[in-house]
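Throughout, protein chains are lettered first and strands after them, A, B, ... in sequence-line order, and every chain is numbered starting at 1. Just so it is clear, the structure is predicted and the values come from calculations on it, not from any experiment.
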Amino acid sequence: MNVVLPDGKQLELPQGATARDAAQAIGPGLAKAAIGAIVDGDLYDLLKPLPEGASGAKIKILTEKDPEYQPLFRHTLAHVMAQAVRELYAERGFKPEDVKLAIGPVIENGFYYDIDAPTPLREEDLPLIEERMRRIVADDLPLQRFVLPREEALKRFEGVDPYKTELIRDLPEGEEISFYKQGDERYGFTDLCRGPHVPSTGRIPPHFKLTSLAGAYWRGDSSRPMLQRIYGIAFRTKEELEHYLWQQEEAKKRDHRKLGAELDLFTISEEVGKGLPLWLPKGAFIRRQLEQYMYEKELEHGYDHVITPHIANSKLYYTSGHLPYYKDDMYAPIEIEGEEYYLKPMNCPHHHMIYKARLKSYRDLPLRLAEFGTVYRFELSGTLSGLARVRGFTQNDAHIYCSKSQVKDEFIRVIQLFDEVYKDFGISDYWFRLSLPDFENNPAKFGEPGPHWDEAIAAIRAALEETGAQYVEGIGEATFYGPKLDVQLRTVLGKEESIATNQLDFISGTRFSLEFTNEKGERETPVIIHRAIMGSFDRFFAFYLEHTAGNFPLWLSPVQAVIVPIADRHLGYAQQIAAQMRQNKLRVEIDDRSERMNAKIRDAELQKIPLILVVGDKEAESGTVNLRERHAKEQRTLPVGELIAQMHKRVQERK
RNA sequence: GCCGGUGUAGCUCAGCGGUAGAGCACUCGAUUCGUAAUCGAGCGGUCGUCGGUUCAAAUCCGACCACCGGCUCCA
């Protein structure tokens with residue numbers, strides 16, 4: 001067969017040749033330096049034969065200088081770790097096969113392996129495992145790849161490792177079943193593996209570290225065994241590893257739970273209940289600002305605001321179809337006068353009843369009902385986290401009732417509203433995820449495919465295309481009543497998170513017998529768009545707090561400025577300008593503690609107050625303030641009136 | 001909910017079988033100072049909870065609770 005090198009040269013190779021053979025054919029120097037290859041865009045190792053019929057394939061030999069080879073050593077490290085764990089247990093008197101192995105893939109910055117060990121792994125085992133790993137790397141065990149027929153492959157694992165057995169059984173017929181072996185039977189490790197790997201363990205850069213031990217269900221299914229997952233990170237260079245660790249440290253400083261405590265924004269009290277946050281005055285102020293902002297935005301965009309109670313009769317949720325399917329995710333019912341009431345887990349049914357309260361004409365549509373609706377959901381205790389995952393939260397909720405022909409335009413308006421709002425908050429790195437139904441694997445949830453699904457999906461796709469929004473698609477995450485459009489972003493810790501969600505609903509209209517009279521005088525059922533721009537105020541606030549590291553812009557800062565009098569004799573002047581600023585609706589505090597100015601400035605900086613106003617003799621005489629901006633060393637002096645005008649301008653511009 | 005880890009003063013942490021400690025914060029006093037921590041004194045803890053072992057438990061053991069890292073879930 002023929003392969004094409006990056007410089008366009010053709011290379012003739014025998015059938016079954018590997019990338020190693022290709023490198024050798026090019027030259028002995030390259031053969032020595034080679035560590036992997038890119039073949040038609042796919043990462044290959046030196047051990048696996050190039051794809052059959054690869055004639056004309058473009059091949060690029062990788063050396064340690066090419067960052068693309070990173071997954072190779074991360075993958076091999078997972079194997080090295082598995083070997084190390086087996087060695088550790090062998091030392092503790094177990095047989096190697098007592099340590100059962102599930103999967104060990106490459107992930108974003110490293111790798112993990114899911115392990116079923118005879119005794120639980122403990123955190124203190126990690127350094128022991130890491131030490132053995134370093135030795136295996138130093139011993140430079142060569143890797144080999146071999147293929148077995150399905151029967152023989154199964155024979156290796158049957159009755160020994162149920163996980164590998166299941167993996168092989170689930171491989172599609174005709175799929176090649178390959179193994180990678182490092183070292184030998186006496187000192188080494190063999191694993192069922194698709195590859196690719198580095199050619200020997202000595203080629204793994206020593207810049208790795210085991211980071212954590214965690215539980216993980218076999219195949220992510222909570223009804224199956226809980227395995228132990230060891231996470232590791234690995235990089236090509238020491239600098240990359242150190243940079244990553246530094247980044248993680250920095251990110252931890254921005255954790256909204258930490259900042260929430262440091263800046264007196266919110267607290268969670270065990271006595272109130274877990275997942276039920278308490279907003280302290282400063283946090284509550286910002287939350288109110290967010291609500292006020294959204295309230296005005298929604299007015300501009302043609303929404304009507306409604307208010308509904310926090311609980312509802314169980315009948316409402318039978319009508320909606322949420323009971324009994326979501327009963328386990330709701331707070332237990334309250335029995336009153338022989339009837340059951342639930343804390344509301346969502347606002348839609350209440351809004352549907354508002355729609356229904358008066359007869360509707362096509363002239364009323366689209367009808368956009370919005371509410372900052374507080375809902376309660378019984379989330380699993382292990383998932384709760386600060387304000388980002390709670391059991392009681394307030395949604396920036398709205399339901400848009402419209403005709404089928406209006407769906408696309410309404411979705412466009414929703415997407416545009418996202419753009420507008422997120423831009424105002426300086427959030428630019430977000431994308432949409434269109435979640436589609438999975439009829440094949442979950443017919444109970446999604447029912448039958450049909451034109452309503454097709455039309456709904458087509459309308460959302462059209463809206464996304466027309467607005468040019470960035471989006472990805474995912475199968476199986478739709479709701480039972482329609483496709484879902486989530487808004488995704490990345491937290492400071494690099495994790496992808498859904499910040500908001502929108503759903504198209506062609507079922508509730510029927511379930512609740514919602515109607516409108518169309519142009520022809522006929523009764524028609526509206527389609528409903530569930531939309532939440534900020535998602536929940538709680539989670540949005542958590543994200544935004546991390547995004548800004550607590551450096552809120554002036555319009556959102558609970559305290560916009562702190563006045564620092566240099567000595568007590570300047571207190572009168574400080575009070576005078578504070579009064580003047582407050583009359584102009586500015587939020588200002590005076591630091592009148594018996595502290596040195598340096599201490600006051602330091603504390604104001606730590607509290608991330610946007611403006612520090614130092615006043616001393618010079619300022620009092622001239623009616624000015626000395627302004628020091630947050631995190632800026634330089635200062636300027638300006639008249640109080642001008643300061644007020646500048647602050648107003650910034651508040652206006654939301655800067 | 002499940003797996004692993006952690007719970008000592010409001011916060012950050014030391015102490016890890018023999019009478020509970022430090023810094024910061026707070027209160028009081030002194031200081032009145034020009035751009036990131038002035039000095040001194042005082043207040044403050046049934047060491048997460050309950051039970052066990054021991055002459056003696058913050059310290060060892062068990063159960064529970066909360067939190068952290070994951071898994072799972074997210075209408």
By the 4.0 Å heavy-atom rule, please label A/K484 as base, sugar-phosphate, or nothing. sugar-phosphate
With a 3.5 Å cut-off and just heavy-atom distances, do the side chain of A/R596 and the base of B/A36 make a donor-acceptor pair? no
What contact category does A/P120 fall into here, base, sugar-phosphate, or nothing, at under 4.0 angstrom with non-hydrogen atoms? sugar-phosphate
From CG of A/D617 over to C1' of B/U32, roughly how many Å is that when rounded to an integer? 11 Å
Rounded to whole angstroms, how far apart are CZ on A/R630 and C1' on B/U35? 17 Å
Does atom CD of A/E108 have more than 12 heavy-atom neighbours, drawn from other residues, nucleotides or ligands, at distances under 6.0 Å? no
Which is true for A/T383 with a 4.0 Å heavy-atom rule: it touches a base, it touches only sugar-phosphate, or it touches nothing? base
Ignoring hydrogens and geometry, is there a side-chain-to-backbone donor-acceptor pair from A/E130 to A/L210 under 3.5 Å? yes
At 4.0 Å (heavy atoms only), tell me whether A/Q635 reaches a base, stays on the sugar-phosphate, or touches nothing. base
Pair assignment for B/U12, Watson-Crick or G-U wobble, requiring both distances under 3.5 Å: B/A22
Mind checking if A/L606 touches a base, just sugar-phosphate, or nothing, with heavy atoms under 4.0 Å? base
Over all strands shown, is A/R122 touching base, sugar-phosphate only, or nothing at heavy-atom distances under 4.0 angstrom? sugar-phosphate
Rounded to whole Å, please give me the gap between CE in A/M226 and C1' in B/C73. 13 Å
Quick check: any donor-acceptor pair below 3.5 Å linking the side-chain of A/N626 to the base of B/U35? yes
Cut-off 3.5 Å, side chains only: do A/T624 and A/T637 have a donor facing an acceptor? no
Mind checking A/S381 for me? I need base, sugar-phosphate or nothing, with any heavy atom below 4.0 Å counting as a touch. base
Quickly work out the A/L227 CG to B/G4 P distance and round it to whole Å. 12 Å
Applying a 4.0 Å non-hydrogen cut-off, can you work out what A/R569 is touching in the nucleic acid: base, sugar-phosphate, or nothing? sugar-phosphate
Could you tell me the separation between the NE2 atom of A/H570 and the P atom of B/U31, rounded to a whole number of Å? 17 Å
Decide, yes or no, whether a salt bridge links A/D438 with A/K445 under the criterion of side-chain N to carboxylate O below 4.0 Å. no
Could you check which nucleotide pairs with B/U31 in any of the strands shown, counting Watson-Crick or G-U wobble with both distances under 3.5 Å? none
Could you report the tightest heavy-atom contact between A/V407 and A/V527, atom names first, then the distance? CG2-CG1, 3.8 Å
Using only modelled atom types and a 3.5 angstrom limit, is any donor from either the side chain of A/N598 or the base of B/U35 paired with an acceptor on the other? no
Heavy-atom nearest nucleotide on RNA chain B taken for A/E605 and for A/L121; more 5' hit belongs to A/L121
Rounded to whole Å, please give me the gap between CG in A/L263 and C1' in B/C11. 14 Å
Looking only at N and O atoms, is any donor in the side chain of A/R229 or the base of B/C3 less than 3.5 Å from an acceptor on the other one? no
Need one value for A/A214: base, sugar-phosphate or nothing, where a base atom within 4.0 Å counts as base even if backbone is also close, heavy atoms only. base
Lys/Arg N to Asp/Glu carboxylate O, A/E629 vs A/R636, below 4.0 Å: yes
Counting any heavy atom closer than 4.0 Å, what does A/E379 reach on the DNA or RNA strands: base, sugar-phosphate only, or nothing? base
Could you check how far NZ of A/K252 sits from P of B/C68, rounded to whole Å? 14 Å
Could you tell me the separation between the OH atom of A/Y217 and the C1' atom of B/G4, rounded to a whole number of Å? 13 Å
Under-3.5 Å donor-acceptor pair between A/E619 side chain and B/G34 base: yes
With heavy atoms under 4.0 Å as the rule, sort A/D329 into base, sugar-phosphate or nothing. base
Looking for any heavy atom pair under 4.0 Å, which part of the strands does A/G220 touch: base, sugar-phosphate only, or nothing? sugar-phosphate
